[in-house]
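Notes follow once the structure below has been shown.
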Amino acid sequence: MSTSARSSLVIVGAGLAGVRAAESARNAGHDGSIVLVGAETALPYERPQVTKEALLAGASPRHYVEHDQLVGRLGVQLRLGTRATGLDRRRRLVRTSDGKIGYDALVVATGAQPTPCPWGNLDGQVSTVRTARDAVLLHRVLTGRRRVVVVGAGLIGSEIASAAQALGAEVTLVERGCGPLEASHGRSLAEHLARLHRTAGTRLVTGAAVTSLVRAGASVAVDLGSGERIVAEHVVWAVGVRSDLGWLVGSGIRVAEGVLCTTAMVTNDPAVFVAGDAAQVVATDGPQAAPRSMSQSMAAAQGLVAGHNAVTPPGSWSRTTATPYFWSTWYDRRIQGVGVPSARSTVLQEGGGTLHLYEHRGRLTGAVGIDAKASVRRVRELLREGSSSGAHAAREMTGRPA
Ligand SMILES: Cc1cc2nc3c(=O)[nH]c(=O)nc-3n(C[C@H](O)[C@H](O)[C@H](O)COP(=O)(O)OP(=O)(O)OC[C@H]3O[C@@H](n4cnc5c(N)ncnc54)[C@H](O)[C@@H]3O)c2cc1C
């Protein structure tokens, strides 16, 4: 028997958050229907591999779950290649490119999209990367091109630069700050990561803003505020993401940068939940709201909570308590971030790796490790325990302050 009166669950967005929501609803005892609506035609796949293995190999990433498991074991009705276009909350209907779907509970898991290049795609000479298809197309472009400019040295831009170099391209990486992740993680880490790019042979131009992109024959000219012009055969625009929530306009669901929700992943409508990159948790229902961490681990954790809560009564709702965590790989170096960065950081050496430890008012808040797996794991444990000071954490780590 179903655990709630909500017999039909509709999940919009067939990424990691959507899949985890479906699994979690079944685990919570939901025996009604589950419809998973996804704009992409592929089964949900490992999105982090888009700029890693998939870009290097020119092949689609692995699926999170196979068709038999999703449809057979979980009993999910798949509506792939279908885009949600509107929401009628009064009649509890999702409008899609392929008709209307009624729901008792709805989970929004529509992720995010790359910020588009203001100068357009110049007939395919400028691209952005989010999907498996993007990776396959970009692989072909990078393999055949000599000079490539990547704009934005965040996690994704840095991964693309690293893959492009491995594919034999001559790479220039253009970054507004003094190095990767400066705005979020501070100068010390940014300078460290900048050295990593330069040591690997990528030309990193920092403190640089792109002022125009224009076609120059078969090439693109990238003009910088400094007056420098870089000419390349292809440009990848990787300056961040934004949630594409236009289909919720007029529905009354509260939206800012993402869909606003509590740590129970419920929106201002108790029948509508949200998870993953589309979600923006606000601190209305607990001492601490989860920061907006667009990462794999957060999408999974929030998907589990949203799916569970969508099919159970409020008295048994769970909440997200996950510690933010991300990882990235550049030039075979493992970069891992845990917790929340703050203004003050200490740099420690661990074997061949480095750990940037963040603290606020003496308390440990997070860390970023470069080839420092064991230390990052320990910081994660200390953050979960919730009582560690920055000094205590530094003493615990293998090295001494550098
Ligand atoms: C290239 C890349 C590399 C990354 N690397 C890492 C990494 O190394 N480590 C890490 O922790 N995180 C990484 N991330 C972030 C991580 O992949 C995301 O945080 C995670 O995938 C978010 O999952 P999601 O389910 O919320 O969204 P998504 O995975 O974006 O899935 C959302 C799905 O919803 C669909 N959709 C959107 N709008 C609609 C609509 N209106 N109707 C129907 N369907 C819709 C989209 O097409 C998409 O398939 C990376 C992200 C990218 C793009």
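Keep in mind it's a predicted model, so treat the numbers as computed, not measured.
- Interatomic distance, CG of Leu364 versus CG of Leu383, reported as 4.5 Å (0.5 Å rounding).
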Stepwise side chain to side chain contact (heavy atoms under 4.5 Å, CB included) check, Trp330 with Leu155: CA-CA 9 Å; Trp330 318 347; Leu155 291 174; 4.1 Å; yes
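- Between Val107 and Val12 the shortest side-chain heavy-atom distance does not fall below 4.5 Å.
- Of all the heavy atoms in Ala14 and Leu80, the pair that sits closest is CB-CD2, 4.0 Å.
- Proximity of a side-chain donor or acceptor of Thr85 to a complementary backbone N or O of Arg95 within less than 3.5 Å is detected.
- Using a 4.0 Å cut-off between charged nitrogen and carboxylate oxygen, Arg242 and Asp277 do not count as a salt-bridge pair.
- The CD atom of Gln336 sits 10.5 Å away from the OG atom of Ser328 when rounded to the nearest 0.5 Å.
- For Gln125 and Arg215, the side-chain atoms include at least one donor-acceptor pair closer than 3.5 Å.
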Is there a salt bridge (Lys or Arg N to Asp or Glu O under 4.0 Å) between Glu381 and Arg384? Walk through the geometry before answering. CA-CA 5 Å; Glu381 286 165 7; Arg384 266 194 219 120; over 6 Å; no
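- In this model, a donor atom of one side chain and an acceptor atom of the other lie less than 3.5 Å apart for Thr202 and Tyr331.
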Steps toward salt bridge (Lys or Arg N to Asp or Glu O under 4.0 Å) verdict (Arg73, Asp68): CA-CA 7 Å; Arg73 193 175 68 75; Asp68 286 356; over 6 Å; no
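- Put simply, the side chain of Asn309 does not reach to within 4.5 Å of the side chain of Val266, judged on heavy atoms.
- A cation-pi arrangement is not found for Arg62 relative to Tyr45, the charged atom failing to lie both closer than 6.0 Å to the ring centre and inside a 45° cone about the ring normal.
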Determine, step by step, whether Arg47 and Arg130 satisfy the side chain to side chain contact (heavy atoms under 4.5 Å, CB included) criterion, reporting the C-alpha distance in whole Å, the side-chain angles of both residues, the deciding distance to 0.1 Å, and the verdict. CA-CA 8 Å; Arg47 196 167 302 282; Arg130 179 85 191 176; 3.6 Å; yes
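- For the pair Thr172 (side chain) and Arg203 (backbone), a donor-acceptor distance under 3.5 Å is absent.
- In this structure, CG on Leu204 lies 12.0 Å from CZ on Arg195, to the nearest 0.5 angstrom.
- Side-chain contact between Ile34 and Ile11 is present, with heavy atoms from C-beta onward closer than 4.5 Å.
- The closest donor-acceptor contact from the side chain of Ser24 to the backbone of Leu304 lies under 3.5 Å.
- Interatomic distance, Ser342 OG to His185 NE2, rounded to the nearest 0.5 Å: 9.5 Å.
- Between Val305 and Phe273, every side-chain heavy-atom pair lies at or beyond the 4.5 Å cut-off.
- The aromatic ring centroids of His192 and His356 lie less than 6.0 Å from each other.
- To the nearest 0.5 Å, atom CG of residue Leu245 and atom CD of residue Gln280 are 10.0 Å apart.
- Checked by atom type and distance alone, the side chain of Thr354 never pairs as donor or acceptor with a backbone atom of Ile370 at under 3.5 Å.
- Summarising the geometry of Ala367 relative to Leu357, their closest heavy-atom pair is CB-CD1, 3.9 Å, with the distance given to 0.1 Å.
- Heavy atoms from other residues, nucleotides or ligands lying under 6.0 Å from CD of Gln113 number more than 12.
- Taking CG of Leu196 as the reference point, atom OG1 of Thr199 lies at 6.5 Å (rounded to 0.5 Å).
- The shortest side-chain heavy-atom distance between Val259 and Ile253 falls under the 4.5 Å cut-off.
- Contact between Thr312 and Ser316 at its shortest, heavy atoms only, is CB-OG, 3.5 Å.
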Take Val282 and Thr262, measure what side chain to side chain contact (heavy atoms under 4.5 Å, CB included) needs, and give me the verdict at the end. CA-CA 6 Å; Val282 285; Thr262 70; 5.7 Å; no
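- Every side chain to side chain donor-acceptor pair (under 3.5 Å) that Ser158 has, sequence neighbours left out, goes to His197.
- The minimum heavy-atom distance between Gly152 and Leu173, with the atom names listed, is O-CD1, 3.6 Å.
- Judged by distance alone, the side chains of Thr211 and Asp223 never bring a donor and an acceptor atom under 3.5 Å apart.
- Taking every heavy atom of both residues into account, Pro180 and Ala194 meet most closely at CD-N, 3.7 Å.
- Partners of Gln49 according to the side chain to side chain donor-acceptor pair (under 3.5 Å) rule, which considers only residues two or more places apart in sequence or in another chain, do not exist here.
- With hydrogens and angles left out, the side-chain atoms of Asp134 and Thr131 include a donor and acceptor closer than 3.5 Å.
- The backbone N or O of Ser97 sits nowhere less than 3.5 Å from a side-chain atom of Thr82 that would complete a donor-acceptor pair.
- For the pair Glu175 (side chain) and Ala153 (backbone), a donor-acceptor distance under 3.5 Å is present.
- Remark: Ala279 pairs with Cys261, Met265, Val274, Gln302 by the side-chain contact (heavy atoms from CB on, under 4.5 Å) rule, at least two apart or across chains.
- Between Val174 and Val210 the shortest heavy-atom distance is CG1-CG2, 4.2 Å.
- Residues Tyr358 and Val340 are not in side-chain contact: their nearest non-hydrogen atoms beyond the backbone lie 4.5 Å or more apart.
- Sparse packing is recorded around CZ of Arg133, with 12 or fewer heavy atoms of other residues, nucleotides or ligands lying under 6.0 Å away.
- Each of Val311, Asp104, Asp31 was evaluated against Ser7; a single residue qualifies, Asp104, per the side-chain contact (heavy atoms from CB on, under 4.5 Å) test.
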Test salt bridge (Lys or Arg N to Asp or Glu O under 4.0 Å) on Asp371 and Arg333 and set out the steps. CA-CA 6 Å; Asp371 292 336; Arg333 310 291 299 268; 2.5 Å; yes
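- In terms of modelled atom types and a separation under 3.5 Å, the side chain of Gln69 and the main chain of Val65 share no donor-acceptor contact.
- Side-chain contact between Val151 and Val236: absent, with no pair of heavy atoms (C-beta onward) separated by less than 4.5 Å.
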Before giving the answer on side chain to side chain contact (heavy atoms under 4.5 Å, CB included), spell out for His139 and Leu142 the whole-Å C-alpha distance, their side-chain angles and the decisive distance to 0.1 Å. CA-CA 5 Å; His139 171 88; Leu142 293 180; over 6 Å; no
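- The side-chain heavy atoms of His308 and Asn27, taken from C-beta on, include no pair separated by under 4.5 Å.
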Take Arg147 and Glu170 through the salt bridge (Lys or Arg N to Asp or Glu O under 4.0 Å) test and state the conclusion after the steps. CA-CA 5 Å; Arg147 294 167 301 175; Glu170 186 186 308; 5.7 Å; no
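- For Arg176, the CZ atom is loosely surrounded, since the number of other residues' heavy atoms within 6.0 Å does not exceed 12.
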